[in-house]
> 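Handing you a structure now.
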Amino acid sequence: MLTVIVIIVLCLLAITGAPLFSVIAAGAVYGFYIADVNLEVIGIEIYRLAETPLLMALPLFTLAGYLLSESKISLRLLALIQASIGWMPGGFIIVSFAACAVFTALTGAAGVTIVALGALLYPALKKMEYSDKFTLGMITTTGSLGLLLAPSLPLILYGIVAQQMELENTFTLNELFIAGLIPSALMVIILSFYGVYKSRKYSIETVRYDSSELFKAIRQMRWELPLPILLLTGIYSGYFVISEAAALVVCYVLLVEVIINREVSTKKLMPIITESMTMIGSILLILAVSLALTNVFIDAELPDKIFEIISNNIESKYTFLLLLNIFLLFIGAILDIFSALVIIVPLILPVALSFGIHPVHLGIIFLANMQIGYMTPPVGINLFISSQRFNRPISEVYKASLPFMLILLIVLLMITYIPGISLFLIN
Amino acid sequence: MQIDESNKNKAINVIHFIEDSFIVLLIIGIVVIALSQIVLRNLFDDGIIWAESLVRVMVLWIAMTGAMIATRKGKHLKIDVLSHFSKKNDLKKIEKINNAFAFVVCLVIFYNSLRYVQTEFEYSVSAVGIIPSWIISMIIPIAFGVMSIRFFIYTIYKK
């Protein structure tokens, strides 16, 4: 009875905006307390941050992402898109989706795509006379496209959380990275089809192809272009360990943006580093207290109980997956992706495994849901970012992004029910 | 009175500066260590044995220092649904309750992690090279101590 009251109070506190770490930590402390465990254990649990391999990749990639979004890379990227494929009707749309996906992955999916790249694409699309609604919807969608591409932080975090659980059916980060490739491509391709189909209705002015413009744009990007190629081939081929790749990327980005391009002044360096480390600090803190809460759950055999309830009511794996999608979409709309990952994954991963779902497949499903959750009305965070950045009423953003969301939902169903899309490349 | 006030602000600024510099040094340290490991391994087929564990400890320190700074800047992750739909005045009252709650939680963790550090001290285990683990885990009570003070101040004074 007391436990029920505690849970209700904690949920209320969380929904009203109490710092999530304090709510999770309180849950863990309460759990240890009623299980008669010495509360010193909370120190041991937090210390586990220092015993988790791979974790160092998170602060490094975060820093690289913050540095990149502080430079003028988005301007140069836009120029390159225009010059390379602006001549093709609808070509701009296709490359924009692809560029946003790569940008989101590189900047760690921390929600900067709409502000950094979207803010430039918006006037460009308007100039090409795409309708307001289409433009707004498209930009809102691009905010979380690329979540499934390495080295996005949520992807790495899922790998870390899953590996913490000592499953029988383990996987490597590389397998997870590879699994994200086809689903990401699928989203970009299907969204592009819709975009191109839509653009036939408008009399889109295309830019005339000019090879000197293209060379100019490439020249301006010559230092940044090798980055995704190096990083992606390095990671996907398994040549670098992820943490090494992260350190190299930070160094390279520092070199290019601070010394060669001089777009990030040394004066701004300290605030950027502090800001990015504060952001990752708050994520790691939540990870630490969630690890403690997970142990409470496991000691209380909660995952087993959840599985029992679910398997008593649901027989087929497919019904389970459908309910899982609905649940995760809801979670994705109210919780930020990092908190959702560290709280929910330890609970559902064992259940999903007993239904015979591959942990890598579950990771892709989970993140794809979160991606859509970001733009699910009424509270998806991308909707608010767009509404604020482009000064539009939120209801207009809801309407504009709805068709794009429906498309992503279709892709989500494909990813969920055809495991091969995710697992084909790693088997 | 005025002198007191400006001295107080100065002291606070110094603390903030120490936190900021510390976290910057930590991440730069991680980059430098990771890169030298790559160079050592590939060129000299060598490596520093304790480098891996040192880097992991630095991640813990980044997490704790970052958490302190996040408290000061109000950057902790939270569910931000209410702020879009409710009045400012109601919001402030709720925020006070939430801060008071966070204060209590941080205090509990501060006390218990301090006891944990004490136990580590008594058993004097070394964690990285010759550095004893109680020094490394000291950052946990420090961080939660500082955070509890900050949440307390927010609960009482923030308008």
Side-chain angles (χ1 to χ4, degrees), chain A residues 13-23 25-26 29 39-44 46-47 49-53 55-56 58-60 63 243-244 246-248 250-251 254 269-271 273-274 276-289 334-336 338-339 378-379 381 384 394, chain B residues 20-21 23-24 26-28 30-31 34-35 37-38 52-53 55-60 62-71 73 75-84 91 94-95 97-99 101-102 104-106 108-109 111-117 119 127 133 136-137 140-141 151:
Chain A
L13 282 161
I15 290 167
T16 57
L20 278 172
F21 87 86
S22 63
V23 177
V29 168
L39 286 184
E40 264 182 48
V41 75
I42 200 87
I44 302 173
I46 295 171
Y47 191 80
L49 279 188
E51 287 161 352
T52 311
L55 218 51
M56 68 177 273
L58 293 179
L60 291 171
L63 177 57
S243 49
E244 291 177 356
L248 283 174
V250 169
C251 253
L254 271 175
L269 215 48
M270 177 134 164
I273 298 179
T274 330
S276 59
M277 289 305 106
T278 308
M279 182 251 183
I280 204 67
S282 61
I283 293 175
L284 290 175
L285 177 65
I286 293 208
L287 176 65
V289 290
I334 60 165
L335 265 183
D336 70 278
F338 301 106
S339 312
V379 286
I381 185 73
F384 289 107
I394 189 84
Chain B
D20 289 358
S21 319
I23 208 167
V24 170
L26 282 171
I27 188 70
I28 293 176
I30 288 184
V31 174
L35 287 182
Q37 283 291 86
I38 298 174
E52 173 72 25
S53 46
V55 165
R56 287 187 201 173
V57 164
M58 287 162 92
V59 172
L60 169 72
I62 284 186
M64 291 297 113
T65 317
M68 283 191 259
I69 302 177
T71 311
K73 294 187 173 169
K75 286 267 172 71
H76 277 296
L77 295 175
K78 56 186 178 194
I79 295 178
D80 189 26
V81 178
L82 228 52
S83 69
H84 300 295
L91 219 58
I94 295 169
E95 211 175 316
I97 297 171
N98 288 336
N99 282 332
F101 171 73
V104 175
V105 173
C106 285
V108 170
I109 299 179
Y111 172 70
N112 286 295
S113 58
L114 199 61
R115 279 175 45 215
Y116 161 69
V117 171
T119 314
S133 75
I136 290 164
S137 41
I140 302 172
F151 279 119

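Proteins get letters first, then strands, A, B, ... in listed order; numbering begins at 1 in each.
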> Non-hydrogen atoms of chain B under 4.5 Å away: do they reach the side chain of A:Ile280, the backbone, both or neither?
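Contact with chain B is through the side chain of A:Ile280 alone.
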
> In terms of heavy-atom proximity below 4.5 Å to chain A, should B:Ile94 be classed as side chain, backbone, both, or neither?
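Contact with chain A involves the side chain of B:Ile94 alone.
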
> Between A:Leu49, A:Val29, A:Ile46, which has the largest tally of heavy atom pairs under 4.5 Å with chain B?
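If we count pairs closer than 4.5 Å to chain B, A:Ile46 comes out on top.
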
> Pick one of side chain, backbone, both or neither for A:Val23, based on which atoms fall under 4.5 Å of a heavy atom in chain B.
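Both the backbone and the side chain of A:Val23 come within 4.5 Å of chain B.
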
> Any chance you could measure A:Ser282, atom OG, to B:Lys78, atom NZ, to the nearest 0.5 Å?
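Between A:Ser282 OG and B:Lys78 NZ, I get 11.5 Å after rounding to 0.5 Å.
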
> Which answer fits B:Val105, side chain, backbone, both or neither, if we ask what part of it has an atom under 4.5 Å from a heavy atom of chain A?
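Side chain only.
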
> Can you say whether B:Val24 sits under 4.5 Å from chain A via the side chain, the backbone, both, or neither, judging by heavy atoms?
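Both parts, backbone and side chain.
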
> Just by modelled atom types, is the A:Leu13 backbone N or O under 3.5 Å from a matching donor or acceptor in the A:Thr16 side chain?
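Yes; at least one donor-acceptor contact below 3.5 Å.
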
> Does any backbone or side-chain atom of A:Leu39 lie under 4.5 Å from a heavy atom of chain B? Answer side chain, backbone, both or neither.
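For A:Leu39, the contact with chain B is made by backbone and side chain together.
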
> Could you check which of B:Ser113, B:Ala102, B:Pro141 has the highest count of heavy-atom pairs closer than 4.5 Å to chain A?
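Most heavy-atom pairs within the cutoff with chain A belong to B:Ala102.
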
> I need the minimum non-hydrogen distance between B:Phe151 and B:His76, along with the two atoms involved.
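The answer is CZ-CD2, 4.0 Å.
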
> Should we count OH of B:Tyr111 as having more than 12 external heavy atoms under 6.0 Å?
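Atom OH in B:Tyr111 is not packed in, count stays at 12 or less.
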
> Counting only heavy atoms closer than 4.5 Å, note whether A:Thr52 contacts chain B via side chain, backbone, both or neither.
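The backbone, not the side chain.
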
> With chain A, which of B:Ile97, B:Leu35, B:Val31 has the greatest number of heavy-atom pairs at distances under 4.5 Å?
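Of the candidates given, the most pairs with chain A belong to B:Leu35.
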
> Would you call A:Ile42 and B:Val108 a side-chain contact if the rule is heavy atoms closer than 4.5 Å?
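A:Ile42 vs B:Val108: side chains apart.
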
> Do A:Met270 and B:Ser21 have side chains that get closer than 4.5 Å, going by heavy atoms?
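Counting from C-beta outward, A:Met270 and B:Ser21 do come under 4.5 Å.
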
> At a 4.5 Å cut-off on heavy atoms, which part of B:Met68 comes close to chain A: side chain, backbone, both, or neither?
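Nothing of B:Met68, per the 4.5 Å heavy-atom cut-off to chain A.
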
> Looking at A:Ser22, A:Gly281, A:Ala14, which makes the most heavy-atom pairs under 4.5 Å with chain B?
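Ranked by heavy-atom pairs under 4.5 Å with chain B, first place is A:Ser22.
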
> When only pairs under 4.5 Å are counted, which of A:Leu60, A:Leu269, A:Val289, A:Leu335 shares the most heavy-atom pairs with chain B?
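Answer, by heavy-atom pair count under 4.5 Å with chain B: A:Leu60.
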
> For a quick test of reading the model, state the closest non-hydrogen atom pair linking A:Tyr47 to B:Ile140 and the distance between them.
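That would be N-CD1, 3.9 Å.
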
> Measure the CD-CD1 distance between A:Glu244 and B:Ile38 for me, rounded to the nearest 0.5 Å.
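Between atom CD of A:Glu244 and atom CD1 of B:Ile38 there are 4.5 Å.
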
> Are any non-hydrogen side-chain atoms of A:Leu58 and A:Leu55 less than 4.5 angstrom apart?
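Touching, per the 4.5 Å side-chain cut-off.
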
> Quick check on the interface: out of A:Leu63, A:Leu254, A:Thr278, who has the most heavy-atom pairs with chain B under 4.5 Å?
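So the answer, after comparing A:Leu63, A:Leu254, A:Thr278, is A:Thr278.
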
